[in-house]
Amino acid sequence: MNEILLPGVLEKLYTYTLDNGLKIYMVPNNKTKNFYITLSTKYGSIYTNFEYNGKKYDMPKGIAHYLEHLLFNMPDGTTAHDYFSKLGANINAFTSFDITCYEVFANANFKECLSYLTEYVYTPYFTKEIVNNERGIITEEINMYEDKPGTQLIYGTYNNIFIKDERQYLVSGTVSDVKKITKEDLEICYEAFYHPENMFMIITGNFDPNEAVAIVSEVMSKKEFPKYNKPVLKFKKEPFEVKTKHFERCMNVNIPKVSVGFKVPKNVFKGLKIDERKVRLYFNLYMRVQFGITSYLRDELQSSKVITGGLSMNLLDTEDYYVEVIAVSTEYPDYFIKRVKETFDERDINEEDVIRKVNASVSNLIMYFDDIEGVNSQIQDDVIDFGEYMYNIYDVYKSLNIEEAREVVKRLNKHITTETIIKPLEER
């Protein structure tokens, strides 16, 4: 087992890789009674076109999400929900663009929770009856999304930004997509993407790392896996354009919901002697300075009652672009959009801002390790985005400086935007 003392936070990270390729990341915390376990595969909604075992596949959209639903079923007719409810543990799963994650949160029965999570995820059980029954459940879920203004705002923004990138589509796919998915499709995708070498486990909270490794090893010793044949993913080249620059629709909202999306090509940062991880940190830092809780714009919009609630920011990191979406509820959509664009285009940052945000990041990092779900999520994000956990993030924060920040920020002049407005129904 590998043990790493995490710089700056005085916490320990333990890692262990099983013979079958599954890597386990562990951050114990004896200050809490709870533990949080996630088992994830590097397989999300955008991985529909791939080559595997010499064959090319173009799967229906929504298949990763469909597979997530089905894995809770066990051969004896029970479900994982049945088992964990008896233990008093909370379980869930989610599928995003590039990951499917199965999770357990509890404060007792660690061995049973960890054993069964490993057991049910690695026990695929698909029958035509189960597949068909789940189709109706997922169809209802998709229809429910259609009536959620918040979901429609964010995914509507992605749909307007992207032309070929599959992030323009709902993770669940459409009702039409779901109808195309077959039992055979699901079996192929499970075989291709649910091999332990394409997966990783993260455990945070109150537990013993040695016991955790022993538990997982015991479960896995009873399972056989073929030699890993990594699928070759195929992606369409996304152009530097947006599908729709301005989009409006009416839904059941009292106050208009508005988003502004910025599409920044990564190639503008070529030539900088700054690695991609730091470029993204500088991008985030700039967005926090311009639009964060203590920003001048946020204060202006709230004091003038242009916005009365929160302002959300979300950064999407794709193969070729950074996509930042800023969303809010406001009675003044046009003014809000104008001010957001003007503020983004200022493209200036001073040393005081950098020092302040770096110090805040370091402070938050130290406190962050008391949040076992937050630490788990950060490790997960790093593994997906960079292939490994950024355990030296404290040192990286400390190395951020005004010269590099200005180099990154000044290159944000090349970007393209889209805006989405969801208006109350009476405005039709």
Side-chain angles (χ1 to χ4, degrees), residues 20-23 38-75 79-80 92-103 117-139 141-142 164-201 220 223-236 318-319 380 383-384 387:
N20 59 27
L22 180 69
K23 187 163 185 177
T38 59
L39 179 54
S40 304
T41 175
K42 301 170 187 177
Y43 173 53
S45 66
I46 63 174
Y47 303 147
T48 58
N49 197 301
F50 59 92
E51 186 175 325
Y52 177 66
N53 279 341
K55 294 184 179 180
K56 294 181 180 180
Y57 296 96
D58 188 5
M59 292 296 183
K61 295 172 183 63
I63 192 166
H65 173 255
Y66 206 129
L67 192 51
E68 171 220 309
H69 273 238
L70 290 178
L71 279 186
F72 287 94
N73 295 287
M74 297 298 284
T79 70
N92 207 342
F94 67 85
T95 304
S96 68
F97 293 131
D98 46 20
I99 188 175
T100 306
C101 173
Y102 302 85
E103 54 189 4
L117 172 64
T118 309
E119 180 65 34
Y120 91 79
V121 172
Y122 288 111
T123 306
Y125 180 65
F126 311 136
T127 66
K128 287 187 177 180
E129 182 181 8
I130 289 174
V131 171
N132 288 332
N133 288 343
E134 203 65 39
R135 202 183 310 275
I137 295 171
I138 294 174
T139 296
E141 188 177 322
I142 293 170
K164 294 187 177 181
D165 193 305
E166 293 209 4
R167 293 172 181 85
Q168 66 186 286
Y169 305 116
L170 274 172
V171 166
S172 59
T174 64
V175 172
S176 175
D177 294 323
V178 168
K179 288 180 179 178
K180 300 173 187 175
I181 296 173
T182 67
K183 173 177 172 288
E184 292 71 26
D185 291 337
L186 293 158
E187 289 171 339
I188 290 167
C189 289
Y190 183 88
E191 179 186 328
F193 293 101
Y194 277 74
H195 192 286
E197 280 200 39
N198 194 52
M199 302 181 70
F200 59 97
M201 177 179 283
M220 288 297 212
K223 299 187 178 296
E224 294 183 3
F225 299 93
K227 182 179 178 182
Y228 181 49
N229 183 12
K230 186 176 182 179
V232 179
L233 302 172
K234 307 291 184 181
F235 298 108
K236 296 176 181 176
T318 78
E319 290 73 33
Q380 189 178 95
V383 172
I384 291 297

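Only heavy atoms go into these numbers, but all of them, side chains included; no hydrogens, no water, no symmetry mates. Along the sequence shown, the residues carry numbers beginning at 1.
The minimum heavy-atom distance between Ser45 and Glu166, with the atom names listed, is O-OE1, 3.8 Å. Between Glu68 and Thr95, the shortest heavy-atom distance links the atoms OE1-OG1, 2.6 Å. Considering all non-hydrogen atoms of both residues, Pro231 and Ala192 come closest at CG-O, 3.3 Å. The minimum heavy-atom distance between Ile181 and Ile63, with the atom names listed, is CD1-CA, 3.7 Å. Smallest separation of non-hydrogen atoms from His195 and Pro226: NE2-O, 2.7 Å. Of all heavy-atom pairs spanning Ile142 and Ser172, the tightest one is CG1-OG, 3.5 Å.
Every residue was checked against the ring-ring contact (aromatic ring centres under 6.0 Å, His included) condition with Tyr102, not counting sequence neighbours, and none meets it. Remark: Asp165 engages Arg167 in a salt bridge (charged side-chain N to carboxylate O under 4.0 Å, His left out) (not counting sequence neighbours). Contacts of Tyr57 classified as ring-ring contact (aromatic ring centres under 6.0 Å, His included), with partners at least two apart in sequence or in another chain: Phe50. With sequence neighbours excluded, the residues forming a side-chain contact (heavy atoms from CB on, under 4.5 Å) with Asn198 are Thr41, Lys42, Phe193, Tyr228, listed by chain and number. The ring-ring contact (aromatic ring centres under 6.0 Å, His included) search around Phe72 returns His81, Tyr120, not counting sequence neighbours.
One finds the CG atom of Leu233 at 13.0 Å from the OH atom of Tyr52 (value rounded to the nearest 0.5 Å). Taking CD1 of Ile384 as the reference point, atom CD1 of Ile99 lies at 4.0 Å (rounded to 0.5 Å). Summarising the geometry, atom NZ belonging to Lys179 is positioned 9.5 Å from atom OG1 belonging to Thr174; distances are rounded to the nearest 0.5 Å. Distance OH/Tyr190 to CG/Leu71: 6.0 Å, rounded to 0.5 Å. To the nearest 0.5 Å, atom OG1 of residue Thr38 and atom CD of residue Glu103 are 7.5 Å apart. Within the model, atoms CD1 of Ile138 and CG of Asp177 stand 11.5 Å from one another, a figure rounded to the nearest 0.5 Å.
A 4.5 Å side-chain heavy-atom check between Phe225 and Leu22 finds every atom pair outside the cut-off. In this structure, Thr100 and Tyr194 have side chains that are in contact, with non-hydrogen atoms separated by less than 4.5 Å. Between Met59 and Tyr66, the closest side-chain pair of non-hydrogen atoms is not below 4.5 Å.
Lys223 and Glu119 are joined by a salt bridge, as a carboxylate oxygen and a charged side-chain nitrogen come within less than 4.0 angstrom of each other.
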I'd like a table of donor-acceptor pairs (distance under 3.5 Å, sequence neighbours excluded) in which one partner is a side-chain atom from residues 125-134, with atom names and distances.
unit_1: Thr127; atom_1: OG1; unit_2: Ile130; atom_2: N; d: 3.1
unit_1: Asn132; atom_1: OD1; unit_2: Arg135; atom_2: NH2; d: 3.0
unit_1: Asn132; atom_1: ND2; unit_2: Lys128; atom_2: O; d: 3.1
unit_1: Asn133; atom_1: ND2; unit_2: Glu129; atom_2: O; d: 3.3
unit_1: Glu134; atom_1: OE2; unit_2: His69; atom_2: ND1; d: 2.9

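Side-chain atoms of Gln380 and Ser40 include a donor-acceptor pair closer than 3.5 Å.
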